[in-house]
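Data block below; observations after.
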Amino acid sequence: MTKKRLLTGDRPTGPMHLGHYVGSIKNRVRLQDEYECYFIIADLHMLTTKNTPEDIFDIRTNAYEVAIANMACGLDPNRCTIYLQSAIHAVYEMNLFFGNLTSVPRLSRLPSIKDMARAAHLNEMPYGLLGYPVLQAADILMPRAHIVPVGKDNQAHVEITREIARRFNFQYGDVFPIPDYLVEGDTLVGTDGDAKMSKSIGNTIYLFDDAKTVGKKIKGMYTDPKRVHANIPGTVEGNPVFSYHDHFNPNTAEVDDLKRRYREGAVGDVEVKEKLTIAINNFLDPIRERRVEIEADSGYVEQVIYEGTMRTNQIAEETLMMMKKAMGLTGVWNKISRKGRKRLDKQQKAAAAADGAQL
Ligand code: ATP
Ligand code: MG
């Protein structure tokens with residue numbers, strides 16, 4: 001039986017952190033055998049909010065970082081496809097066709113788009129940012145994906161993809177499966193305990209931070225502000241240090257013991273944080289080692305992206321052809337080009353014959 005197709009990915013906006021692991025990478029690694037997986041490095045999406053020449057230059061390193069982070073965490077390029085969005089030209093065309101199958105009010109109602117505009121300090125909504133979900137529809141429908149793991153913030157976008165796919169199929173004939181979304185992963189709070197881990201807030205632990213940096217970041221972490229002495233009973237719930245223990249410390253007996261003593265006022269923050277530092281470094285060590293192994297083979301990451309992109313391009317061209325046929329666009333061009341070509345051939349032959357006669 002052929003596997004169903006899955007599409008998901010990341011914008012290459014910087015290095016990957018523990019939030020990305022908890023929110024998405026962990027699930028991808030689990031899903032890579034169940035589905036035929038396509039992982040997009042979504043650089044065109046980055047352009048909707050960051051598009052200076054410097055931003056674009058940075059895509060080179062950031063795309064590499066996204067790929068190597070996913071690979072070091074367990075994505076196996078022999079079992080999945082990692083590709084660069086901007087190199088798939090068919091997606092640009094699909095984006096244009098799909099733009100006609102949704103409406104401006106529909107897109108304008110999405111709170112996530114307004115949030116993105118606000119976060120990027122944009123006073124006016126760029127046309128491209130408003131169309132972000134349309135471009136996403138092109139990404140998802142390009143490999144005719146069945147399933148799309150997304151963060152909660154992106155769920156409404158997949159809903160638009162579903163509407164577009166239905167409208168396309170209804171208007172032109174069945175080309176697309178209607179993709180399902182899979183709301184994945186947990187949201188990891190930042191080291192400040194204030195917001196979700198996010199690189200623009202600066203409350204991150206990166207997957208490739210060294211052991212010392214991790215220790216320093218954890219030492220400075222927010223805990224329970226009411227607890228000014230180790231013998232004051234503390235709150236575990238909503239305490240980011242314990243949330244990280246839950247996510248990254250596999251020694252549940254140790255975590256339960258720390259929680260119990262914390263509630264009783266019988267353990268200091270220092271011990272809780274030291275144990276967390278050990279747990280997170282133990283978690284990150286194999287990921288760091290894997291990176292060193294991957295990088296020992298110079299050019300391997302680039303080859304993975306190159307091969308993945310070439311493979312994806314074939315599928316994208318195939319889907320684009322299916323779309324154009326269903327829409328009748330190939331027919332338009334075929335008719336005009338056949339007649340036009342024929343007449344041009346005739347003229348050229350006549351001109352050649354006239355030339356011959358003059359000699
Ligand atoms: P920026 O600060 O530029 O917004 P970021 O660090 O918040 O960057 P994004 O590129 O916004 O990272 O994240 C991409 C996706 O990764 C999100 O849609 C979400 O699925 C996942 N993700 C990011 N941060 C977290 C987090 N703290 N917890 C869970 N998932 C996260
Ligand atoms: Mg973000």
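A quick note: this is a predicted structure, and the numbers were derived from the prediction, not measured. Start at 1 and go down the list; that is how both ligands and their atoms are numbered.
Any N or O atom pair closer than 3.5 Å counts here, and M197 shares at least one such pair with ligand 1. Between G19 and ligand 1, an N or O atom pair is found at a separation short of 3.5 Å. Residue S24 places no N or O, backbone or side chain, under 3.5 Å from any N or O of ligand 1.
In summary, the atoms of ligand 1 found under 4.0 Å from a heavy atom of S200, numbered by their order in the structure, are 1 (P), 2 (O). Listed by number with element, the atoms of ligand 1 under 4.0 Å from a non-hydrogen atom of L188 are 26 (C), 27 (N), 28 (N), 29 (C). The distance from ligand 1 to the heavy atoms of T187 drops below 4.0 Å at these ligand atoms: 28 (N), 29 (C).
Ligand 1 lies within reach of H20, whose nearest heavy atom is under 4.0 Å from it. Under the 4.0 angstrom criterion for non-hydrogen atoms, D186 is in contact with ligand 1.
Between Y244 and H247, the distance from one ring center to the other does not fall under 6.0 angstrom. Residues Y83 and F39 place their aromatic rings such that the two centres sit no closer than 6.0 Å.
For the pair R5 and Y35, the cation does not sit on the ring face, since its NZ or CZ is not both under 6.0 Å from the ring centre and inside 45° of the axis.
Using a cut-off of 4.0 Å between Lys/Arg side-chain N and Asp/Glu carboxylate O, R341 and D345 are scored as salt-bridged.
Shown here is E124, whose CD atom has no more than 12 heavy atoms of other residues, nucleotides or ligands within 6.0 Å.
Aromatic ring pairs are classed by plane angle as parallel below 30°, tilted from 30° to 60° and perpendicular above 60°; the pair F283 and F248 is tilted.
Contacts of V189 with ligand 1, taken as heavy-atom pairs under 4.0 Å, are absent altogether. Using a 4.0 Å cut-off between heavy atoms, H17 contacts ligand 1 through its side chain alone, with no backbone atom that close.
Remark: the N203 side chain and the T191 side chain contain no N/O donor-acceptor pair separated by less than 3.5 Å.
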